[in-house]
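Just follow the structure's listing: the first ligand is 1, and inside any ligand the first atom is 1.
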Amino acid sequence: EKGGFPSFMEKEIFDQPAAVADTLLGRSDADGRLTLDELRIAPEELAAISKIVVLACGTSAYAGSVAKYAIESWCRIPVEVELSHEFRYREPIVDDKTLIVSISQSGETMDTLMAVRYAKEQGAKTMSICNTNGSTIPRESDAVLYTHAGPEIAVASTKAFLAQITATYLLGLYLAQLRGNLFQGQIKDILADLGKIPSKIQDILDRADEIKDLARNMSEANSVLFLGRHVGYPVAMEGALKLKEIAYIHAEGFAAGELKHGPIALIDDGQPVFVVVPSPRGRDSLHSKVVSNIQEVRARGAKTLVIAEDGDSAVKDFSEWVFYVPETPTLLMPLLATVPLQIFACELASAKGFDVDQPRNLAKSVTVE
Ligand code: F6R
């Protein structure tokens with residue numbers, strides 16, 4: 001059932017082109033109109049919301065962080081992202097114009113379920129993005145948008161994460177369509193870019209050996225840092241989480257702009273630092289700022305490991321290792337840039353002889369608070 005792969009986790013990483021394609025399937029028509037009739041909340045009610053609060057834990061919360069960039073950009077609706085267990089125990093401000101979007105692979109995470117119940121009591125509308133049909137969180141929510149990643153067996157989430165990000169993009173585009181924030185042609189173009197993602201992920205998977213070689217050479221590392229900016233920031237956080245979970249290596253993700261506010265003090269000779277570099281085609285100066293960050297950490301002895309876009313010639317001179325991912329619009333980049341970091345963690349943990357599917361101290365669904 002592992003389909004010839006040594007672990008479920010590796011199989012699920014390689015399932016990702018299908019996880020994204022299946023989550024997109026049947027959700028728009030040939031004219032690029034989103035058809036999310038399955039949602040169970042009336043379109044007029046959705047169009048009238050004044051803010052979105054995303055509630056989730058762990059990897060699912062990083063999918064929410066990616067969603068914030070996309071939904072705010074496309075829909076001009078404020079999006080807050082909060083860990084379910086933090087939300088529940090303060091006095092959050094929600095009302096009947098608030099759309100709660102919970103994100104959960106299992107649909108059974110107790111922290112998220114309790115947060116959704118609490119928000120519902122306060123009068124908010126609740127939508128669940130979930131990978132498990134008929135599980136508790138979607139059953140208790142007003143609306144549901146299922147991810148179609150298929151069952152995820154490995155404890156560490158991979159294909160569900162990419163499917164969750166994909167589902168939040170669909171939600172963002174649907175809201176933009178309902179509210180008229182984007183022209184139909186723009187939505188159609190973004191859907192076309194999304195449609196190209198599965199083959200681009202495949203392109204990365206076909207070059208997995210480049211990443212595996214690096215991972216095997218780094219099995220003695222005892223700390224790895226991850227830097228990213230804009231949508232690359234949650235990608236960095238997710239890269240670090242994967243490494244902690246399955247390889248038991250101390251790992252931290254940072255927003256690259258925070259470096260000089262503290263974390264740069266951690267850098268000394270030989271410290272491995274992954275840097276997720278924004279596209280050089282972006283309109284603003286983010287690319288050059290992140291390239292400067294690479295130079296800064298390198299000057300202090302870091303071993304710089306770079307994820308950059310195809311054709312980005314600026315990073316080569318400052319990197320010990322570069323992995324190029326195919327071009328895609330910036331907001332969609334996490335669907336590609338995450339994949340090498342998943343492969344890295346999986347291979348490094350395997351090289352250390354760990355059971356990547358069943359990491360110590362962790363359960364697949366956390367059904368206690
Ligand atoms: C990370 C991981 C966990 C889950 C978290 C939420 O690899 O698996 O961080 O993402 O426990 O689980 P769900 O999405 O089932 O609510």
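Counting non-hydrogen atoms of neighbouring residues, nucleotides and ligands closer than 6.0 angstrom, the CZ atom of R40 exceeds 12 such neighbours.
Protein residues are said to neighbour a ligand when one of their heavy atoms lies under 4.0 Å from it; for ligand 1 these are C57, G58, T59, S60, S104, Q105, S106, T109, V155, A156, S157, K242, E245.
Between K242 and E238, at least one side-chain nitrogen of the basic residue sits less than 4.0 Å from a carboxylate oxygen of the acidic one, meeting the salt-bridge criterion. Under a 4.0 Å N-O distance rule, the pair K11/E1 does not qualify as a salt bridge.
A side chain to side chain donor-acceptor pair (under 3.5 Å) check over residues 174-184, counting only residues at least two apart or in different chains, returns the pairs R33-Q184, R179-N181.
Checking E296 against N293 by side-chain atom types alone, a donor-acceptor pair falls below 3.5 Å.
Checked against the 6.0 Å centroid threshold, Y69 and Y233 do not count as a close aromatic pair.
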